[in-house]
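I have placed the structure first, in the form of structure tokens, so that the comments after it can refer back to it.
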Amino acid sequence: MVSPSSKLDLGNLIIFGILGFIFSITAFWLIGKETYQTNKIKKYTSYATGTQKTNQDEC
């Protein structure tokens, strides 16, 4: 872990910062992809049953 008596290693800090940034961007991308994915079966089922929300429903 981190030893308070050791000097700061800037190289490790930069490497772990970049890796942490890449990991967080990838995690958020995967969460967004799962959240906003469109399922064609649900889409066609909603068209068939007439439950598709249209712009006229919002007015």
Side-chain angles (χ1 to χ4, degrees):
M1 296 303 283
V2 177
S3 174
S5 61
S6 66
K7 292 185 178 182
L8 178 65
D9 186 6
L10 193 58
N12 280 343
L13 182 65
I14 291 171
I15 289 171
F16 283 114
I18 291 171
L19 288 176
F21 177 75
I22 291 171
F23 175 77
S24 64
I25 292 296
T26 304
F28 283 127
W29 176 73
L30 288 173
I31 291 169
K33 190 174 176 181
E34 287 291 322
T35 304
Y36 297 110
Q37 74 177 359
T38 57
N39 190 346
K40 290 184 180 180
I41 296 171
K42 284 184 182 178
K43 189 173 173 181
Y44 294 138
T45 305
S46 65
Y47 283 138
T49 59
T51 58
Q52 180 69 25
K53 190 173 186 179
T54 61
N55 290 339
Q56 294 173 352
D57 294 339
E58 295 175 0
C59 294

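Not measured: the values here are computed from a predicted model.
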In this structure, CD1 of Ile14 is separated from CD1 of Ile18 (nearest 0.5 Å) by 7.0 Å

Cluster check Phe16, Ile25: I/L/V/M/F/W/Y, side chain < 4.5 angstrom:
no

Residues 19-28 vs side-chain hydrogen bond (donor to acceptor under 3.5 Å, both in side chains), sequence neighbours excluded, gives none

Grouping ILVMFWY residues whenever side-chain heavy atoms fall under 4.5 Å, the cluster of Leu30 otherwise contains Trp29

